[in-house]
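See structure below.
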Amino acid sequence: MELRNRRILLTGASGGIGSALAQRLAAAGARLALVGRRHEALAQLASSLPGASIVVADLATAAGCRAAVEQAKASLSGVDVLVHLAGQGSFRCFSDEDPDAMEQMLRTNCVSAMWLAQAVLPQMTARGDGQLVFCGSVLGALALPGYTVYAASKFALRGFSEGLRRELADSGVSVTYVAPRAVRTALNPPEVYEMAKATRMAVDTPEAVAEQILAAMRRDAREAVLGWPESWFVRLNALWPALVDRAMRKQAEVVRRFAKPHPTQQTQAEQQTS
Ligand SMILES: NC(=O)c1ccc[n+]([C@@H]2O[C@H](COP(=O)([O-])OP(=O)(O)OC[C@H]3O[C@@H](n4cnc5c(N)ncnc54)[C@H](OP(=O)(O)O)[C@@H]3O)[C@@H](O)[C@H]2O)c1
């Protein structure tokens, strides 16, 4: 896709990967509506990107997604491309997850993609032109200990992207699913980076990931799994999951050494032992 003069709704723009991508999209000549919850972070980013507008919205609700699309359409006079990066992370053992936080994660990481797509698609299909870009994760095809709920949200997002791409095949609207491996941003708590250091797990910079997302958008990629050997493990997991189960047997113990319970679960555990 040629990006010059494209009207792009970019969610997660206030985040690590999002702000790096916003700079690159603006440099490529795109016109941007930057979406996030933190007004100050968006305003600071927009001040360095000529013509960019900002939209403050909570995408964990249907009303927030609809409002974000309406505001973006109003400020850009339409939306040609949706790039949906907004997401939240979780690194903890499943027994330490908070029930409400699990639901919030599924809404933020997956259902929001459906709400946003429903709001932008009518205009795109009517024109017979458009692009939807969804940011998943390597964990959306290769679930690992410590990431059960996050992986579930990204598996769901990948399934949605795949189904929608096939449903829109004759519409002129393309669907691109990108799956980064670990990236050094505020999404991950410090213990993820401690584990990465101890286990020599690769961690990419947000700038490098933004470059790869930009490249995937330009070539209208259907799916881009970023990083080697992670992309190879994704294939192995699809073909021989039992083999990966065996290779991962010791990983749960490693995760237990680093991961911390959700604060609400920590308090409950303390109350039960006192
Ligand atoms: N970092 C990694 O290791 C990694 C690896 C693979 C995939 N990814 C994916 O990459 C994407 C970007 O993540 P990142 O690493 O750049 O994380 P980040 O720096 O924490 O940024 C997250 C972004 O999502 C927005 N967001 C979160 N909840 C939201 C909500 N309810 N409503 C509206 N906006 C919301 C945040 O906005 P505010 O801060 O303004 O609320 C922020 O702009 C995510 O989809 C993530 O799952 C990340």
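Counting convention: from 1, in listed order, for ligands and their atoms alike.
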*Glu253 with Arg257: basic N within carboxylate O range, under 4.0 Å*: no
_Between Ser19 (side chain only) and Ser14 (backbone N and O only), is there a donor and an acceptor less than 3.5 Å apart?_
no
*Can any side-chain N or O of Thr205 pair as donor or acceptor with the backbone N or O of Ala208 at less than 3.5 Å?*
yes
*asked:* Do Leu76 and Leu32 have side chains that approach each other closer than 4.5 Å (heavy atoms only, starting at C-beta)?
replied: no
_What I'd like to find out is whether the side chain of Leu49 reaches to under 4.5 Å of the side chain of Leu34, using heavy atoms alone._
yes
Show me a pair-per-line table, with atom names and distances to 0.1 Å, of protein N or O atoms that are under 3.5 Å from an N or O of ligand 1.
from, atom 1, to, atom 2, distance (Å)
ligand 1, 1 (N), Val183, O, 3.2
ligand 1, 1 (N), Thr185, OG1, 3.1
ligand 1, 3 (O), Val183, N, 2.8
ligand 1, 3 (O), Val183, O, 3.2
ligand 1, 3 (O), Asn188, ND2, 2.9
ligand 1, 15 (O), Thr185, OG1, 2.6
ligand 1, 16 (O), Gly16, N, 3.4
ligand 1, 16 (O), Ile17, N, 2.9
ligand 1, 19 (O), Gly16, N, 2.8
ligand 1, 20 (O), Leu187, N, 3.3
ligand 1, 24 (O), Gly87, N, 3.2
ligand 1, 28 (N), Arg37, NH2, 3.2
ligand 1, 31 (N), Asp58, OD1, 2.9
ligand 1, 32 (N), Leu59, N, 2.8
ligand 1, 37 (O), Ser14, OG, 3.1
ligand 1, 39 (O), Arg38, NE, 2.7
ligand 1, 39 (O), Arg38, NH2, 3.1
ligand 1, 40 (O), Ser14, OG, 2.6
ligand 1, 40 (O), Arg37, N, 2.9
ligand 1, 40 (O), Arg38, N, 2.9
ligand 1, 40 (O), Arg38, NE, 3.3
ligand 1, 41 (O), Arg37, NE, 2.6
ligand 1, 41 (O), Arg37, NH2, 3.0
ligand 1, 43 (O), Gly12, O, 3.2
ligand 1, 43 (O), Ser14, N, 3.4
ligand 1, 43 (O), Ser14, OG, 2.8
ligand 1, 43 (O), Gly15, N, 3.0
ligand 1, 45 (O), Leu85, O, 2.8
ligand 1, 45 (O), Lys154, NZ, 3.0
ligand 1, 47 (O), Tyr150, OH, 2.6
ligand 1, 47 (O), Lys154, NZ, 2.9

_Phe134 vs Phe160, test: ring pair (Phe, Tyr, Trp, His ring centres under 6.0 Å). Steps then yes/no._
CA-CA 10 Å; Phe134 297 118; Phe160 171 63; 5.6 Å; yes
